[in-house]
Amino acid sequence: MSSDLAWLIARPIAHRGLHDAAHGIIENTAPAVRAAIAANYGIEVDLQISADGEAMVHHDDVLGRLTEGEGRLDRYSAAALKRISIRGRDERMMTLGELCDLVAGRATLLLELKSRFDGDERICRRVADVLAGYRGPVAPMSFDPRQVTALRRLAPALTLGIIAAKYRPHPSWDAMPPLLRHGMGYLTTALTARPQFVAYAVVDLPALAPLVARYVFGLPLLTWAVRTAAERQCAARWADQMIFEGFRP
């Protein structure tokens with residue numbers, strides 16, 4: 001692994017921030033980000049695109065699980081989304097710009113770009129625009145190799161990663177083209193994406209493709225989402241760093 005990427009694996013990375021719903025700290029919100037910074041962890045968050053092309057910090061592509069409201073997130077403008085509260089909390093979704101202002105280089109940021117696998121590059125353009133003015137350690141990544149390729153074209157200086165897992169039925173994964181869906185576990189997505197790191201599902205480790213990427217090609221291997229003691233042991237054995245939730249390493 002290149003020493004230039006040592007920052008990427010220096011600390012465990014809190015999945016969707018250091019959230020704890022039992023104590024009112026909701027995933028992908030400012031309190032979860034602040035808690036991760038205070039505990040000296042890296043931070044992984046999800047990005048969805050709004051109707052007017054803003055990158056919003058949120059996991060689900062529809063409203064309702066964590067928020068008030070309903071319907072597809074990408075049918076709402078950023079201003080409309082900012083008026084929708086996190087359910088039961090006095091919190092709102094952050095934009096990527098607000099996230100960067102909050103973190104201000106104090107922790108490594110890992111940004112998962114969500115995709116409908118339809119060739120839409122709006123989120124790539126917005127991420128490239130916002131990160132052009134950000135000076136902290138940051139690494140975008142995606143399951144969609146076209147997004148990684150687009151970001152490389154738009155912002156060649158960024159550190160970019162591919163996310164992968166062995167296929168199993170899942171609403172997001174079932175939106176993938178069949179070759180992508182069934183090939184991602186073998187990292188065929190990396191052939192076009194040419195990532196600088198890999199984020200691979202811990203439940204699927206050990207696996208040949210990510211280990212070849214790590215040991216033969218020298219790509220840092222992150223693993224997600226580590227929740228149990230057994231998964232933590234697996235991460236320590238097979239990966240360079242873990243993306244964790246539900247406990248504090």
Side-chain angles (χ1 to χ4, degrees), residues 1 5 8-9 12-17 27-28 42-49 55 57-61 96 108-121 123-124 127 131 137-152 155 158-214 217 219-227 231 234-235 238-245:
M1 183 195 70
L5 295 182
L8 183 64
I9 61 169
I13 299 167
H15 189 234
R16 306 180 193 174
E27 66 182 56
N28 279 319
I43 302 160
E44 184 267 354
V45 299
D46 305 286
L47 299 178
Q48 297 277 0
I49 194 70
V57 180
H58 198 67
H59 176 271
D60 299 357
D61 60 359
L96 175 58
T108 293
L109 271 178
L110 201 58
L111 307 174
E112 179 180 344
L113 278 65
K114 293 297 187 180
S115 176
R116 290 183 178 273
F117 303 95
D118 57 3
D120 186 350
E121 294 187 359
I123 197 166
C124 303
V127 168
L131 295 186
V138 61
M141 60 182 186
S142 180
F143 280 98
D144 189 342
R146 288 176 295 185
Q147 288 192 334
V148 181
T149 300
L151 263 178
R152 179 174 294 104
L158 287 176
T159 297
L160 304 174
I162 196 76
I163 315 172
K166 293 181 180 178
Y167 171 73
R168 57 189 65 84
H170 185 281
S172 295
W173 297 351
D174 289 342
M176 297 178 178
L179 288 177
L180 180 60
R181 182 190 316 156
H182 296 291
M184 67 171 173
Y186 302 101
L187 287 181
T188 57
T189 49
L191 298 177
T192 54
R194 295 184 292 113
Q196 290 144 289
F197 68 94
V198 173
Y200 204 85
V202 69
V203 295
D204 295 326
L205 289 177
L208 180 60
L211 295 181
V212 168
R214 184 188 185 195
F217 294 100
L219 301 186
L221 178 59
L222 305 174
T223 190
W224 56 272
V226 175
R227 299 182 177 94
E231 289 171 348
C234 180
W238 299 110
D240 293 300
Q241 191 52 270
M242 63 178 165
I243 303 169
F244 72 93
E245 71 176 13

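Here the structure is a predicted model, which is why all the values come from computation and not from measurement.
Counting heavy atoms from C-beta outward, Y167 and D174 have side chains that approach closer than 4.5 Å. By the 4.5 Å heavy-atom criterion applied to side chains, I163 and W224 are counted as neighbours. Taking the side chain as every heavy atom from C-beta outward, L160 and P195 never approach each other to under 4.5 Å.
Rounded to the nearest 0.5 angstrom, N28 CG and H15 NE2 are separated by 8.0 Å. Here I13 contributes atom CD1 and I43 contributes atom CD1; the two are 10.0 Å apart, rounded to the nearest 0.5 Å. Separation of atoms CG (L47) and NE2 (H58) is listed at 12.0 Å; rounding is to 0.5 Å. With rounding to the nearest 0.5 Å, the separation of CG in L179 from OG1 in T188 is 8.0 Å. A distance of 9.0 Å separates OH of Y200 from CG of L211, quoted to the nearest 0.5 Å.
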For residues 111-119, which side-chain N or O atoms pair as donor and acceptor with protein atoms under 3.5 Å away, sequence neighbours left out?
{"unit_1": "E112", "atom_1": "OE2", "unit_2": "K114", "atom_2": "NZ", "d": "2.9"}
{"unit_1": "K114", "atom_1": "NZ", "unit_2": "H59", "atom_2": "NE2", "d": "3.4"}
{"unit_1": "S115", "atom_1": "OG", "unit_2": "F117", "atom_2": "N", "d": "2.8"}
{"unit_1": "S115", "atom_1": "OG", "unit_2": "D144", "atom_2": "OD2", "d": "2.6"}
{"unit_1": "R116", "atom_1": "NE", "unit_2": "D74", "atom_2": "OD2", "d": "3.4"}
{"unit_1": "D118", "atom_1": "OD1", "unit_2": "D120", "atom_2": "N", "d": "3.1"}

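The list of salt bridge (Lys or Arg N to Asp or Glu O under 4.0 Å) pairs with a residue in residues 189-210, not counting sequence neighbours, reads R168-D204.
In this structure, T223 contributes its side chain and M242 its backbone to no donor-acceptor pair below 3.5 Å. Distance alone, capped at 3.5 Å, is enough to place a donor-acceptor pair between the E44 side chain and the R16 backbone. A donor-acceptor contact shorter than 3.5 Å links the side chain of R214 to the backbone of W238.
Across all their heavy atoms, A55 and I49 have their closest contact at N-CD1, 4.3 Å. In plain terms, the two heavy atoms of W173 and R181 that are nearest each other are O-NE, 3.6 Å. Nearest heavy-atom pair, L221 versus A239, reported as atom, atom and distance to 0.1 Å: O-CB, 3.4 Å. Residue A165 comes nearest to M184 through the heavy atom pair O-CG, 3.1 Å, listed as atom of the first residue, atom of the second, then distance. For A213 against V198, the heavy-atom pair with the smallest separation is CB-CG2, 4.2 Å. A pairwise comparison of heavy atoms in R152 and A193 identifies NH1-O, 2.6 Å as the closest pair.
Of the residues listed (I162, L110, T159), the one engaging M141 in a side-chain contact (heavy atoms from CB on, under 4.5 Å) is L110, and it is the only one.
T189 is linked by a side-chain hydrogen bond (donor to acceptor under 3.5 Å, both in side chains) to nothing, counting only residues two or more places apart in sequence or in another chain.
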